[in-house]
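Below is one structure, written out as structure tokens; comments come after it.
Since we're looking at a predicted model, the values are computed, not measured.
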Amino acid sequence: MGMGWKVLSNAKPYLAMVLLQVGFAGMYIVAVSSLKGGMSHFVLVVYRNIVATLVMAPFALYFERGLRPKMTIRIFIKIMGLAFLEPVLDQNLYFTGAQLTSAGFASALINILPAVTFVLALILRMEKVRMRSLHSQAKIAGTLLTLAGAVLMVLYHGPAVQFPWTKGQHHVTGGSDGQGGAGWLKGTIMVMVACLAWACFFVLQSSTLREYPAELSLTVLICGVGSLMSGSVALVAERRNTHAWVIGFDTRLFTVIYAGIVCSGVAYYVQGIVSRQRGPVFVTAFNPLCMIITAVMGSIILKEEITRGSVIGAAIIVVGLYFLIWGKSKDDVSQASGGSKGAGDLPLTSATNGHGSGKHELSNGNGNGGHVFDVETPPANGHY
């Protein structure tokens, strides 16, 4: 019984991320469908975050009553940064980029996210590598492969790939100017900048949770502040089109509710928990599943074209991603195997979350939970 519960507990982060990717894939399809049907992405972002705030607020008030730490100026500034990076910057840029290209292409290109997150963590000294370490070499190789695949997707398109379910269909290429036009290039750049903003969000979110370890409350605050920020942007962007704010009982309403509940509220909460336990690189390493589901659904529902360059580039990105996650998994193995701990190491402990369920966190040596991504000190083998 004890062994079975341990296996189930260890599998929870993996299961959570797989289900989350399925949810993201559905959102990409319905969102792109609504956007190509005339819905404003500025308005979609505002409504999405309002829905997420309203849905998640009661849970935060009930389950985290008495658990929320005191709000400080420093924490509030971080929350404003999180709201700007994800609800405002990332979501608007990604939706516009997907509208100009395609749902399948955008979901494939966003797979550079783990590599970008790793590089950011490395720059900020949240990740350290040793060139003689095999798993560090794997993470570097994975990052380079991922970026190479993204460059290939941008520079080479090639002929369309035919699937059994697409024979005889009329394909729709992304962008108003076609796949080789300025619209496609502009959309690609927007998706890549959105990816950078998303990576910054993950790193800042993990940092914020160390000071404000209340995932539900943080989710509500991010969505609430994001609603105000994105609402201000939308009012300026759509000042001459008041009709853009009107949505009926159609796919637009479904998109707002689905994206708000699944991809803002639930996603922020789940990502926050898994990021604190396993680190942001682990969170972003499951995107290939979303890419595959989105590509298949996009070719069937939206009749989008999948090119040879996109397939080859996506395959290279997936190989790079799993080099990267293999390196991270070796960090877990090293940590679990124990061994000597250097002065700079943070030991892995099992903490109880107040509801009786155990979860793995990092201890700072004084019993207080914290988190550092893959910190390596020369004589020791302890990692996050």
Checklist line | Hphob cluster co-occupancy, Val319 + Leu113, side-chain heavy atoms under 4.5 angstrom | finding: no

Note to self: Give me the atom names and distance for the closest heavy-atom approach of Arg68 to Leu61.
What the structure shows: NH1-CA, 4.0 Å

Margin query: Let me check something: do Ile273 and Phe59 share a hydrophobic cluster, defined by ILVMFWY side-chain heavy atoms less than 4.5 Å apart, either directly or through other members?
Written below: yes

Check: Quick check: does any side chain N or O of Glu238 sit under 3.5 Å from a backbone N or O of Val43, one acting as donor and the other as acceptor?
Finding: no

Margin query: Please say yes or no: joined through hydrophobic side-chain contacts below 4.5 Å, possibly via intermediate residues, are Leu152 and Tyr322 part of one cluster?
Written below: no

Next item on the list: Output yes when a side-chain donor or acceptor of Ser206 lies under 3.5 Å from a complementary backbone atom of Phe202, and no otherwise.
Entry: no

Notebook entry, point to check: Hey, mind stepping through Leu235 and Trp245 against side chain to side chain contact (heavy atoms under 4.5 Å, CB included) and telling me if it holds?
Noted result: CA-CA 10 Å; Leu235 286 173; Trp245 294 90; 3.9 Å; yes

Next item on the list: Kindly indicate, with the supporting measurements, whether the criterion side chain to side chain contact (heavy atoms under 4.5 Å, CB included) is fulfilled by Tyr212 and Leu221.
Entry: CA-CA 11 Å; Tyr212 196 82; Leu221 289 170; 3.9 Å; yes

Checklist line | Heavy-atom donor-acceptor pair, Glu64 side chain to Glu215 backbone, under 3.5 Å | finding: yes

Next item on the list: Please tell me if the side chains of Cys263 and Phe24 come closer than 4.5 Å, counting only heavy atoms from C-beta onward.
Entry: yes

Margin query: Nearest 0.5 angstrom please: Met153 CE to Thr307 OG1, how far?
Written below: 7.5 Å

Item checked: Intermediate values then yes/no, side chain to side chain contact (heavy atoms under 4.5 Å, CB included), Leu44 and Phe95 -> CA-CA 9 Å; Leu44 171 59; Phe95 284 143; 3.7 Å; yes

Item checked: Minimum side-chain heavy-atom gap Lys78-Glu211 below 4.5 Å -> yes

Next item on the list: Measure the spacing between CG of Leu147 and CD1 of Ile316 and express it to the nearest 0.5 Å.
Entry: 12.0 Å

Check: Any idea which heavy atoms bring Ile222 and Ala83 closest together, and the distance?
Finding: O-CB, 3.7 Å

Next item on the list: Might you confirm whether atom CZ of Phe76 has over 12 heavy atoms from other residues, nucleotides or ligands at distances under 6.0 Å?
Entry: no

Note to self: Any heavy-atom pair between the side chains of Gln91 and Val46 that's under 4.5 Å?
What the structure shows: no

Checklist line | Beyond-backbone contact of Ser227 with Pro87, side-chain heavy atoms, under 4.5 angstrom | finding: no

Next item on the list: Give the cluster check for Met192 versus Val119: same hydrophobic cluster or not, with ILVMFWY residues linked at side-chain heavy-atom distances below 4.5 Å.
Entry: no

Item checked: Test item: Ser310 side-chain N/O and Ile306 main-chain N/O as donor-acceptor pair under 3.5 Å -> no

Note to self: Minimum heavy-atom separation for Leu120 and Ala199, please, with both atom names.
What the structure shows: CD1-CB, 3.7 Å

Notebook entry, point to check: Heavy atoms, side chains only, cut-off 4.5 Å: are Phe201 and Asp90 in contact?
Noted result: no

Next item on the list: Please assess Ile140 against Met131 for the test side chain to side chain contact (heavy atoms under 4.5 Å, CB included), listing each intermediate value before the final yes or no.
Entry: CA-CA 9 Å; Ile140 294 173; Met131 294 307 298; 3.6 Å; yes

Notebook entry, point to check: Atom OG in Ser230, atom CG in Leu89: separation rounded to 0.5 Å?
Noted result: 12.0 Å

Margin query: Around atom CD1 of Ile73, are there more than 12 heavy atoms from other residues, nucleotides or ligands closer than 6.0 Å?
Written below: no

Note to self: Would you compute the distance between atom CG of Leu82 and atom OG1 of Thr219 and round it to the nearest 0.5 angstrom?
What the structure shows: 10.0 Å

Notebook entry, point to check: Is the OH atom of Tyr258 crowded by more than 12 outside heavy atoms at less than 6.0 Å?
Noted result: yes

Notebook entry, point to check: Looking only at atom types and distance, does a side-chain atom of Ser207 sit under 3.5 Å from a main-chain N or O of Val203, one as donor and one as acceptor?
Noted result: no

Next item on the list: Return the orientation label for the Tyr28 and Tyr94 ring planes: parallel under 30°, perpendicular over 60°, tilted otherwise.
Entry: tilted

Check: Heavy-atom distance under 4.5 Å between the side chains of Gln21 and Ile293, does that happen here?
Finding: no

Notebook entry, point to check: How far apart are the closest heavy atoms of Val256 and Met39, and which atoms are they?
Noted result: CG2-CE, 3.6 Å

Notebook entry, point to check: Which heavy-atom pair separates Ala150 from Ile112 by the least distance, and what is that distance?
Noted result: CB-CG2, 3.2 Å

Next item on the list: State, yes or no, whether a side-chain contact exists between Met27 and Val262 at a heavy-atom distance under 4.5 Å.
Entry: no

Check: Could you state the interatomic distance from CG (Leu100) to CZ (Phe105), rounded to the nearest 0.5 Å?
Finding: 11.5 Å

Check: Any link between Leu109 and Ile312 through a network of hydrophobic side chains (Ile, Leu, Val, Met, Phe, Trp, Tyr) touching at under 4.5 Å?
Finding: no

Note to self: If you define the side chain from C-beta out and look only at heavy atoms, does anything of Thr294 sit under 4.5 Å from Ile29?
What the structure shows: yes

Note to self: Show the nearest heavy-atom pair for residues Ala141 and Phe323, with the distance to one decimal.
What the structure shows: CB-CD2, 4.5 Å

Checklist line | Interatomic distance, Cys195 atom SG to Met190 atom CE [nearest 0.5 angstrom] | finding: 15.5 Å

